[in-house]
Amino acid sequence: MSSESISPIPWDLFSPSIRRLAVAFRVRPELLLTYLTSAIGGVSGSQSRLAGGNGEFYSPALPMILAVRHPGVALKLQTLAIEPAQRFDDSRRHGAHAIIPEKYEEFTCTPLSPRQNSHLEIANSADPLSARQIKTLELLKTVYEPALLITAPEPSSFSAVAAGVFDSSPLVFDPGGRVIRKAIQAGPKQKAWAELLETLGAGARGGADLIRERSDSYHRLQRLHSPFLLHLPAEVMGAALHHPSSADLMECAVTVPTERISSENLPPRETHTNLEGALSDLNGLIQDVLWARLSSSGVSSKPKQLPPEWDEHLEYIESRIDALPSHIRRFCGGLYGLPQRFLWTVLAMEEPDPPDLTKQHTPEASPYLEGAIATAHWCVDQQIALIKTGLEEERLRQLQQSALVMVQKLKSMTTPAKFSDLARRYHIQSRELHLPILELLEQEGVLSWDSDARLIRLRPDRANAWVAGLDQGSPGISSLDR
């Protein structure tokens, strides 16, 4: 099943805010909800928790890879969900530049340095802190850890930048997918990019332990949490799935493609009514999440009760994933726990007033349970389709590269050539290895293969045209009239 054949979710299953924003920006509402959940959950910090119906807790963070088929759609999503957080982050960083730490250290219990600036150390102090000293600590925290997210990370500076992130939990946003592309493409710094991918993957799964400062007397440890939101060209998906460095990262991510909608696919009688209000509410929600994070409490959501069918839906989604073949299932680790995260997003966006994110929500009052479940199924369908397509495209690409080598070997041999003579020109002479390549070249009309006599007759003109087609990005000449 291709991603294009996956049926869209009915519009009436989505909340009014999601519908308004999706219509205004011409993106599918299920894609918008997934992206917003990844962005808002990613900036919520390491202390945020969403409780399930059985007492379990989930992080709101949703590591995500957006397979970009429509760059305009990716830019719209970035404008909606990422830029408000970046403006907030920029304001904190600019404010930190205006603070001179030395002027404030004299007001604290003891002289402070970056490694001593710890809430735990101050909390254990025998002397109570004055309001002025508490304010001083907050200012110093702003100086030493001003950042909330990291954009377009670089291997050479990532550790230093991550050390300046509040609560060691940056949302890593890469709008060009460079962190994956550099890791899978040969280059002088490929190893460094691969190591950065490994760190991001470990941080997204459960945290990566890093040494932030080192001296002869102490090591300051840091547990890095690194939820990520990466834009990756859809054409690179196959290579990313096959490469060990990027495959490890993709095992813990939700991966969905961009989708746009035309005017005829808009919901009936849907207008841009109160679009400005929806945008204002979204920006306010993002700011509320960030302020909750800076309060060191993070987002807290604990439903009092969920309908009985909720657990049945969750079990069904998990059973779908568990039943997949192993070579596909290994890339679906990020699909667990999606409905809980989607439900929190729509509830937070539909609060009539700016939401107090430290209070408990009551999902049983929400009419959008079906939308959260349907969007989770949509993510599963899209990810399975992308994985199958990507793996097949990469298999074919590698087969074509092997076929190019075989054509060059056949050109140096007399025609017809014996299969045994051709096989002896390879280090590995297995028939099972070379037969699929022969069949591909025969299908493309490059040669004829007599399996009974085991003779190969190369067609030089066809071979040259096929090679030229590959160089120009064409799949070959199989579609030409032979």
Side-chain angles (χ1 to χ4, degrees), residues 1 3 5-25 27-41 50-54 56 58 60 62 64 77 80-81 254-257 259 261 265-271 273-274 278 281-282 285 301-323 332 334-352 355 360-385:
M1 176 175 59
S3 59
S5 64
I6 297 173
S7 300
I9 302 173
W11 284 84
D12 58 2
L13 293 184
F14 294 97
S15 64
S17 293
I18 292 291
R19 291 202 302 267
R20 291 190 193 101
L21 294 172
V23 168
F25 288 88
V27 296
R28 284 298 311 172
E30 51 268 55
L31 172 61
L32 177 61
L33 176 56
T34 305
Y35 196 94
L36 289 177
T37 301
S38 178
I40 298 173
L50 305 181
N54 300 312
E56 74 278 18
Y58 300 87
L62 182 64
M64 177 178 171
L77 293 170
L80 271 175
V254 171
T255 306
V256 295
E259 285 195 352
I261 53 177
N265 292 326
L266 295 178
R269 299 182 301 277
E270 188 75 37
T271 65
T273 302
N274 202 25
D281 290 344
L282 175 60
L285 172 62
S301 176
K302 186 176 182 180
K304 295 180 180 179
Q305 184 178 357
L306 288 167
E309 62 271 17
W310 180 259
D311 286 338
E312 297 176 7
H313 286 300
L314 299 184
E315 184 176 351
Y316 177 67
I317 291 175
E318 292 185 5
S319 64
R320 284 190 61 195
I321 301 171
D322 293 341
C332 296
L335 293 172
Y336 293 93
L338 290 181
Q340 296 89 330
R341 295 177 173 90
F342 292 149
L343 182 59
W344 173 80
T345 301
V346 295
L347 286 171
M349 291 184 67
E350 290 311 308
E351 289 286 348
Q360 297 178 348
H361 291 296
T362 55
E364 71 275 9
S366 171
Y368 309 117
L369 293 172
E370 292 185 22
I373 292 292
T375 302
H377 280 291
W378 177 83
C379 287
V380 173
D381 292 336
Q382 292 285 358
Q383 185 148 330
I384 292 173

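Since we're looking at a predicted model, the values are computed, not measured.
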One should read off an interatomic distance between Glu315 CD and Glu318 CD, to the nearest 0.5 angstrom, of 8.0 Å

Using modelled atom types and a 3.5 Å cut-off, is there a donor and acceptor pairing between side-chain atoms of Arg341 and backbone atoms of Gly337? yes

**Study point:** Under 3.5 Å: donor-acceptor pair, side chain of Thr255, backbone of Gln383
**Key:** no

Here the pair of heavy atoms bringing Ile261 nearest to Val27 is CD1-O, 3.7 Å

Check step by step if side-chain contact (heavy atoms from CB on, under 4.5 Å) holds for Trp378 and Val256. CA-CA 9 Å; Trp378 177 83; Val256 295; 3.9 Å; yes

Looking at Arg19 and Phe14, would you say the former's side chain and the latter's main chain have a donor-acceptor pair under 3.5 Å? yes

On a heavy-atom basis, the closest approach of Leu285 and Ala348 is CD1-CB, 3.7 Å

Quiz item: With the threshold set at 4.0 Å, does a side-chain nitrogen-carboxylate oxygen contact exist between Arg20 and Asp281?
Solution: no

One should read off an interatomic distance between Ile384 CD1 and Cys332 SG, to the nearest 0.5 angstrom, of 5.5 Å

Sorted by chain and number, sequence neighbours left out, side chain to side chain donor-acceptor pair (under 3.5 Å) with Gln340 holds for Tyr58

d(Leu80 CG, Leu282 CG) to nearest 0.5 Å is 6.5 Å

From CA spacing to verdict: side-chain contact (heavy atoms from CB on, under 4.5 Å), Glu30, Gln382 = CA-CA 11 Å; Glu30 51 268 55; Gln382 292 285 358; over 6 Å; no

Minimal heavy-atom distance between Pro257 and Leu31, with the atoms involved, is O-CD1, 3.7 Å

Under 4.5 Å between any side-chain heavy atoms of Ser38 and Val254, yes or no?
no

The side chain to side chain donor-acceptor pair (under 3.5 Å) partners of Thr345 (sequence neighbours excluded) come to Thr37

task = Taking the side chain as every heavy atom from C-beta outward, state whether Val23 and Trp11 have any atom pair closer than 4.5 Å.
result = yes

Side chains of Asp322 and Tyr336: do they bring a donor and an acceptor to under 3.5 Å? yes

Inset, instruction - Apply side-chain contact (heavy atoms from CB on, under 4.5 Å) to Thr34 and Cys379, showing your working. - result: CA-CA 8 Å; Thr34 305; Cys379 287; 3.5 Å; yes

The side chain to side chain contact (heavy atoms under 4.5 Å, CB included) partners of Ala376 (sequence neighbours excluded) come to Ile317, Leu338, Pro339, Phe342

Please tell me if the side chains of Leu13 and Thr375 come closer than 4.5 Å, counting only heavy atoms from C-beta onward.
no

Taking the side chain as every heavy atom from C-beta outward, state whether Leu33 and Arg28 have any atom pair closer than 4.5 Å.
no

message: Any non-hydrogen side-chain atom of His313 less than 4.5 Å from a side-chain atom of Glu370?
response: no

#### Entry: Leu343 vs Leu50, side-chain contact (heavy atoms from CB on, under 4.5 Å): CA-CA, chis, key distance, verdict
CA-CA 10 Å; Leu343 182 59; Leu50 305 181; over 6 Å; no

| message | Quick check: do Trp344 and Ile40 have side-chain heavy atoms less than 4.5 Å from each other? | response | yes

